[in-house]
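This report concerns only the one structure given below.
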Amino acid sequence: VWIFGYGSLVWRPGFEFTSRKVGFIRGYSPRFWQGDTFHRGSERGGRGGGGGGGGGRWAAVGVGSASNGSPLASPSQPGRVVTLLEDCGACTWGVAYEVRGEQIAASLQYLNMREAVLGGYDTKLVKFHPQEKDAEEPILALVYIATPQNPSYLGPASEEDIAAQIIVSSGCAGHNIEYLLRLADFMRYFCPQAEDKHLFSIEEALISILPCLYYTEESLEET
């Protein structure tokens with residue numbers, strides 16, 4: 001069984017697998033249109049932020065272990081994470097994981113809780129195209145997609161509004177900023193041929209907002 005991931009699964013699958021391949025699926029565009037009140041956001045009066053940890057640009061801006069006490073985390077703000085929008089001329093890049101034997105039941109049980117129960121995602125079978133030049137036929141893979149019918153779906157917004165929401169959102173898996181920057185770095189370094197204008201426009205908007213946010217906080221501390 002193959003499982004295709006295009007969000008946090010590309011760097012944190014959370015389950016044992018036999019092999020992995022970078023590649024893409026056709027007919028979908030990734031969009032930050034799904035709300036998250038557990039992993040990268042919280043409900044009103046809900047949880048504090050968990051530890052994303054590790055190095056990277058997200059650590060440089062102070063979001064490695066965000067908390068509700070941080071100016072970058074709101075206790076009542078759902079985060080924004082990626083789902084897929086049907087788009088016949090587009091493709092979505094990510095990672096496909098091969099699971100075998102006992103890994104199958106364990107991975108599907110884990111992902112059902114992580115993606116379906118806590119995330120609001122449904123499953124669908126898609127054709128995965130490996131990145132390797134000598135790849136043969138497409139591989140049938142399972143993918144998790146959040147549709148507009150799920151209660152956490154937020155829908156379209158401008159890149160600037162999405163970036164502003166990401167900046168103040170944090171959940172049990174860490175800050176929403178870390179999610180965005182890790183995904184952008186993955187696309188940039190592992191899928192250089194990918195043209196994800198939506199993702200990179202949000203990244204650009206977020207980076208342009210952050211200096212203003214830090215300037216405001218420093219000004220408040222000085223008064």
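Quick note: numbers below take in every heavy atom, side chains included, and nothing from hydrogens, waters or symmetry partners.
- Contact detail for Y110 and P13: the closest heavy-atom pair is CE2-O, 3.3 Å.
- Of the inter-residue distances, the one linking I177 atom CD1 with S170 atom OG reads 9.0 Å to the nearest 0.5 angstrom.
- Between R12 and A173, the shortest heavy-atom distance links the atoms NH2-CB, 3.8 Å.
- Surrounding CZ of F190 are at most 12 heavy atoms belonging to other residues, nucleotides or ligands under 6.0 Å away.
- Open room surrounds CD on E102; 12 or fewer heavy atoms of other groups in view lie less than 6.0 Å from it.
- At a threshold of 4.5 Å between non-hydrogen side-chain atoms, the residues L180 and L199 count as touching.
- A heavy-atom distance below 4.5 Å is found between the side chains of R114 and L9.
- Contact between F4 and G23 at its shortest, heavy atoms only, is CE1-O, 4.1 Å.
- Separation of atoms CG (L206) and CD (E160) is listed at 11.5 Å; rounding is to 0.5 Å.
- At least one side-chain heavy atom of H198 sits under 4.5 Å from a side-chain heavy atom of I202.
- A donor-acceptor contact shorter than 3.5 Å links the side chain of R40 to the backbone of H175.
- Under the 4.5 Å side-chain criterion, counting only non-hydrogen atoms from C-beta, M187 is not in contact with E203.
- Minimum heavy-atom separation, P30 to T92: CD-OG1, 3.2 Å.
- No single ILVMFWY cluster, assembled from side-chain heavy atoms under 4.5 Å apart, contains both L154 and L118.
- With rounding to the nearest 0.5 angstrom, the OG atom of S19 is 6.5 Å from the CZ atom of R100.
- Using a 4.5 Å heavy-atom cutoff, the side chains of K21 and W2 are in contact.
- The two atoms that bring Y6 and L183 nearest to each other are O-CD1, 3.4 Å, heavy atoms only.
- Here the side chain of Y179 pairs no donor or acceptor atom with the backbone of I166 at under 3.5 angstrom.
- Between L111 and L142 the shortest side-chain heavy-atom distance does not fall below 4.5 Å.
- With sequence neighbours excluded, the residues that form a side-chain contact (heavy atoms from CB on, under 4.5 Å) with A157 are R80, D161, I162.
- Residue F38 holds its CZ atom at 9.0 Å from CE of M113, rounded to the nearest 0.5 Å.
- Counted within 6.0 Å of CD on E86, heavy atoms from surrounding residues, nucleotides or ligands total 12 or fewer; the atom is thus considered open.
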Exercise. What's the verdict on salt bridge (Lys or Arg N to Asp or Glu O under 4.0 Å) for D185 and R182, showing C-alpha distance, side-chain angles and the deciding distance?
Worked result: CA-CA 5 Å; D185 283 348; R182 276 188 183 270; over 6 Å; no
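- Contact check for N176 versus Q77: no side-chain heavy atoms found under the 4.5 Å cut-off.
- Taking CZ of F17 as the start and CD1 of I3 as the end, the distance is 10.5 Å to the nearest 0.5 Å.
- Judged by distance alone, with hydrogens and angles left aside, the side-chain atoms of T37 form no donor-acceptor pair with the main-chain N or O of P78 at under 3.5 Å.
- Residues E159 and S201 come closest through the heavy atom pair CG-CB, 3.5 Å.
- No side-chain donor-acceptor contact under 3.5 Å links Q109 to the backbone of A106.
- Taking CG from N112 and OH from Y144, the interatomic distance works out to 6.0 Å, rounded to the nearest 0.5 Å.
- Contact check for V99 versus E16: no side-chain heavy atoms found under the 4.5 Å cut-off.
- Counting only residues at least two apart or in different chains, side chain to side chain donor-acceptor pair (under 3.5 Å) contacts with residues 117-129 comprise Y28-K124.
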